Amino acid sequence: MTAKIAYDDVEVGTELPAQTFTVTRATLVQYAGASGDFNPIHWNEKFAREVGLPDVIAHGMFTMAEAIRVVTDWLGDPGAVVEYGVRFTKPVVVPNDDDGATIEVSGKVAAKLDDNAVRVDLTATSGGQKVLGLSRAVVRLA
């Protein structure tokens, strides 16, 4: 596969389609099984509160993975991601109800680079708080 977006078709400031992702306790159990990360802060409310958290929280790597989906869906090719990094700023608190939590993610082309690459800056929030800082991806376009 190659990216479906052409380098010449984007400018600094081009906005990617924003997305909202729902996270429930069931989602966290599924992710824990797939990743092997069974830290009790991600599934045991009592334990999470005992260590000072407001409730069970989503895995940081899960949050990071959901955020990059905005970029990979836009590109049409996950293999076009050259670099990706974030800082974890706040946890995604996941209540024990049918609604869970949401992660809202938007992205914007922040810089055009050499070799048909661009830097995309992402903004990820949950519960009105920024949950990822310096969330950036470098991607190679067609």
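Predicted, not measured: the structure shown is a model, and the values here were computed from it.
Scanning both residues, I103 and A124, for their nearest heavy atoms gives CG2-CB, 4.5 Å. Of all the heavy atoms in A117 and V138, the pair that sits closest is CB-CG1, 4.2 Å. Residues A3 and A80 come closest through the heavy atom pair CB-CB, 4.1 Å. Considering every non-hydrogen atom in both P95 and A101, the closest pair reads CD-N, 4.1 Å. When all heavy atoms are compared, the tightest approach of V131 to P91 is CG1-O, 4.0 Å. Shortest non-hydrogen contact noted between G60 and F88 is O-CE2, 3.1 Å.
Rounding to the nearest 0.5 angstrom, the gap separating the OG1 atom in T27 from the CZ atom in F21 is 12.5 Å. One finds the OG1 atom of T22 at 12.0 Å from the CG atom of D98 (value rounded to the nearest 0.5 Å). With values rounded to the nearest 0.5 angstrom, L28 atom CG is found 9.5 Å from I57 atom CD1. Atoms OG1 and OH, on T72 and Y84 in that order, are 9.5 Å from each other to the nearest 0.5 Å. Separation of atoms CD (E45) and CG (L53) is listed at 11.5 Å; rounding is to 0.5 Å.
L132 places a side-chain heavy atom less than 4.5 Å from the side chain of T63. Taking 4.5 Å as the limit, every side-chain heavy atom of L75 sits out of range of all side-chain heavy atoms of K4. Residues V86 and L134 fail the side-chain proximity criterion, which asks for heavy atoms closer than 4.5 Å. Inter-residue side-chain proximity for L113 and V118 is flagged as unmet; no heavy-atom pair is nearer than 4.5 Å. Contact check for V10 versus I5: side-chain heavy atoms found under the 4.5 Å cut-off. In this structure, F47 and V56 have side chains that are not in contact, with every pair of non-hydrogen atoms separated by 4.5 Å or more. Contact check for Y7 versus R140: no side-chain heavy atoms found under the 4.5 Å cut-off.
V23 and M61 fall within the same hydrophobic cluster, defined by Ile, Leu, Val, Met, Phe, Trp and Tyr side-chain heavy atoms under 4.5 Å apart, directly or through other members. Hydrophobic clustering keeps V93 apart from V105 (ILVMFWY residues linked when any side-chain heavy atoms are closer than 4.5 Å, directly or through intermediates). When the side chains of ILVMFWY residues are joined at heavy-atom separations under 4.5 Å, either directly or via intervening members, V92 and I41 end up in two distinct hydrophobic clusters.
When the side-chain hydrogen bond (donor to acceptor under 3.5 Å, both in side chains) test is applied to Q30, no partner is found at least two apart in sequence or on another chain.
Between the side chain of R49 and the backbone N or O of P54, at least one donor-acceptor pair lies under 3.5 Å. When atom types are taken as modelled, the side chain of S126 and the backbone of T102 share a donor-acceptor pair closer than 3.5 angstrom. At least one donor-acceptor pair under 3.5 Å links the side chain of D37 to the backbone N or O of N39. The backbone N or O of F38 lies less than 3.5 Å from a partner atom in the side chain of W43, making a donor-acceptor pair. A donor-acceptor contact shorter than 3.5 Å is absent between the side chain of S135 and the backbone of T123.
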Worked verdict on E104 versus T125 for side-chain hydrogen bond (donor to acceptor under 3.5 Å, both in side chains): CA-CA 5 Å; E104 298 87 19; T125 61; 3.1 Å; yes
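None of D55, D97, D99 except one satisfies the salt bridge (Lys or Arg N to Asp or Glu O under 4.0 Å) rule with R25; the exception is D55.
Between H59 and H42, the ring-plane angle classifies as parallel under the 30° and 60° cut-offs.
The pair D121-K108 fails the salt-bridge criterion, with no side-chain N (NZ, NE, NH1 or NH2) lying under 4.0 Å from an Asp/Glu carboxylate O. Salt bridge status for D8 with K112: absent, with no side-chain N to carboxylate O gap under 4.0 Å.
Among residue pairs with one or both ends in residues 65-88, those qualifying as salt bridge (Lys or Arg N to Asp or Glu O under 4.0 Å) are E66-R69; sequence neighbours excluded.
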